[in-house]
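One structure is given below, encoded as structure tokens.
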Protein chains: 2
Amino acid sequence: MKIAIDAMGGDFAPESVIKGLNLAKKELPDTEFLVFGDETKIRLYLEDEENVTLIPTTELVDFHDDPLRVVKTKRDSSMVRAIQAVKNAQADAIVSAGSTGALLTAGLLLIGRIKKVERPALLTTLPSMDGAGFDMLDLGANAENKAEHLRDYAILGSYYAQHVRGIKNPRVALLSNGSEESKGSPMIKETHAMLEVLNQQGLINFIGNTESRDILEGVADVIVADGFTGNAVLKAIEGTLSSLFNLLKTTIKNGSLKTKIGGALIKNDLSALKSMGSSTGGAVLFGLKAPLIKAHGNSKPEAISSAILQAHKMVESDVVGKLVTYYETSEVNL
Amino acid sequence: MKIAIDAMGGDFAPESVIKGLNLAKKELPDTEFLVFGDETKIRLYLEDEENVTLIPTTELVDFHDDPLRVVKTKRDSSMVRAIQAVKNAQADAIVSAGSTGALLTAGLLLIGRIKKVERPALLTTLPSMDGAGFDMLDLGANAENKAEHLRDYAILGSYYAQHVRGIKNPRVALLSNGSEESKGSPMIKETHAMLEVLNQQGLINFIGNTESRDILEGVADVIVADGFTGNAVLKAIEGTLSSLFNLLKTTIKNGSLKTKIGGALIKNDLSALKSMGSSTGGAVLFGLKAPLIKAHGNSKPEAISSAILQAHKMVESDVVGKLVTYYETSEVNL
């Protein structure tokens, strides 16, 4: 297996990316890595070059680049070259912490969609209170969706939970503004009816609507949402956690002596809680013909390593191949 | 001023409602209250009957009632009678902790919309980290919105922040999936352009798009959202706070002795933080011809009192009358 790494993407590139690669290599002794970027800088951090092929690139994609034009304007960037490697079947998957918009657009243009999957979605595994975690999609690859897209997301999410996370018969829920079937926008109601059909056909285990209030409690293994709402809900969860921790810190800092002592005593537990807000691994642009993993721009080495392991797991499980077969043989979307 | 009170709505009715009324009466010595419900039960909790007119009703609206039919099937319920009193100009506003769906539908049918406001919205004031709080609408009165509705919400929210909360030139932001003007669904982009026009006309102080990640930080005084997304974001914030507090409680309970002692020391600060998640007062169904305040079903007396004070403030400021005048004289919506 070969994984392409965009060494120059992200706020702390290439240091964080390469240190993350060092960590991942220890777990994946048989995997080969194609590492795209500035050779000299990469070698500053790379512990050993076994199973690593360095491919020098001269350009950088940054947040000012127009995502729609990156493929043309930044041909020799680490990001575009790494995606090209997947397109040309020189690598099986790609991991990048670079600009989301550029990565998604270039991935879509170069790697392409699984046949019949009209709108690939961003999927990530979020932590839940019961420790099991859940997959949620679309988290914002699309600003607007149709019911047919959400039907695909139910299939995609279900395949991911089952084959990548090893969950048998994953429970799929539809994000709506009430748990009753009658709740939601016309598009959500239409999706609900489609998911009922998939459920009757035994293709997914659809458990109905869920509200965003309950998703962290682990009510489902897969949460299907339109990209606009999924994005808003994810960011609301992140923002609430971040605001709350800042408030807690300020409260303890400015509190009475009693509060300060108490705060110091539970400090370690608090930092453990804080990690709750971060997803494990990266976000997958799911629905492409190969795994494309977007790690957070501010990823530390552990997060990069986790994204690489996720790419490995996706290739190993052949979840994309299984989806290709499903869409080739299924008549649902014809 | 006269305020109609649905004494029988909510999980702890009439006890919580009447105890809340007792509290509010101390703040509002000149306000008259029309209290609808079971006289005998109400008198168990009512401290004094000065300025109170008890109006006996025989029926109850509960969560099983079809909201669309409540006006016909529960004519003698405390909820329908209280709304009728506003419709008949016997009262200036209504407060209820009863079933949201029934209340919104009956309010819409009986009190009616301000002319030209096509889709009234649920608005509530949420706390922000800077202590100022912000108003958000629509929180779910509508499952789907058009850009024209969101344009109304910008006006409504701006009037509310200015006249009820006393904020000069309130900053109005549009909830989207990115802060750039180019971000969002086609409907959100269309709304953005409309709000730019209102801003140029000096009718609102539009500061652009905001993401749900930032709203608790106090980036704006008014957040405009479509009902589906607004509902999902509000519930995501509530759910995250609730999950986090439960996790913190469990962590402290099951932690080491050190953690337990620390937890005990900061316990009071934690409960202060918890109140962060609850909105002040109730949610207004805003855009009707009179103030209709929906208090949480599980409201304690303090929350009911706060909802009554909010109704009083709305009547006193004549925010609804000002909006009626705006829509009568403005040509924006013609």
Side-chain angles (χ1 to χ4, degrees), chain A residues 128-129 140 142-145 175-178 183-189 211-217 225-244 246-248 250-252 255-256 258-270 272-273 276-277, chain B residues 128-129 140 142-145 175-178 183-189 211-217 225-244 246-248 250-252 255-256 258-270 272-273 276-277:
Chain A
S128 58
M129 293 302 131
N142 303 281
E144 196 180 46
N145 284 116
L175 189 72
S176 188
N177 57 358
K183 287 295 178 76
S185 63
M187 188 275 282
I188 291 293
K189 288 183 200 170
E211 298 184 90
S212 56
R213 185 187 280 132
D214 300 322
I215 58 177
L216 290 182
E217 292 297 321
D226 63 277
F228 191 82
T229 313
N231 187 272
V233 164
L234 178 71
K235 286 173 179 165
I237 293 172
E238 288 175 353
T240 306
L241 285 172
S242 151
S243 294
L244 196 69
N246 289 339
L247 186 61
L248 201 55
T250 315
T251 305
I252 289 171
S256 63
K258 190 180 104 173
T259 306
K260 279 184 187 144
I261 295 171
L265 290 173
I266 64 161
K267 205 176 159 193
N268 286 337
D269 299 285
L270 289 183
L273 290 183
M276 196 188 90
Chain B
S128 59
M129 293 301 131
N142 303 281
E144 196 180 46
N145 284 116
L175 188 72
S176 187
N177 57 357
K183 287 296 177 76
S185 62
M187 187 275 281
I188 291 294
K189 288 183 199 170
E211 298 183 89
S212 56
R213 185 187 280 133
D214 300 323
I215 58 178
L216 290 181
E217 292 296 322
D226 64 277
F228 191 82
T229 313
N231 186 272
V233 164
L234 178 71
K235 286 174 179 165
I237 293 172
E238 289 174 352
T240 306
L241 285 172
S242 152
S243 295
L244 197 68
N246 290 339
L247 186 61
L248 201 55
T250 316
T251 304
I252 290 170
S256 63
K258 192 179 102 174
T259 305
K260 278 184 185 140
I261 295 170
L265 290 172
I266 64 162
K267 205 176 158 193
N268 286 337
D269 299 286
L270 290 183
L273 290 183
M276 195 189 91

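Every chain is numbered from 1, with letters handed out A, B, ... down the list of sequences.
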Portion of [X] that has a non-hydrogen atom of chain A nearer than 4.5 angstrom:
X         : result
Asn145(B) : neither
Ser176(B) : both
Ile188(B) : side chain
Asn177(B) : both

Could you give the distance from [atom1] ([X]) to [atom2] ([Y]), rounded to the nearest 0.5 Å?
X         : Y         : atom1 : atom2 : value
Leu241(A) : Leu241(B) : CG    : CG    : 8.5 Å
Leu216(A) : Leu247(B) : CG    : CG    : 10.0 Å
Leu248(A) : Leu244(B) : CG    : CG    : 8.5 Å

Minimum heavy-atom separation for Ala143(A) and Gly184(B), please, with both atom names.
CB-O, 3.4 Å

Closest non-hydrogen atoms of Phe228(B) and Leu175(A), given as atom of the first, atom of the second and distance, are CZ-O, 3.8 Å

Options Ala225(A), Ala236(A), Ser128(A), ranked by heavy-atom pairs under 4.5 Å with chain B, top entry
Ala236(A)

If you tally heavy-atom pairs under 4.5 Å against chain A, which of Lys189(B), Lys235(B), Lys260(B), Glu217(B) wins?
Lys235(B)

With a 4.5 Å cut-off on heavy-atom pairs, point out which of Ser212(B), Pro186(B), Ser185(B) contacts chain A the most.
Ser212(B)

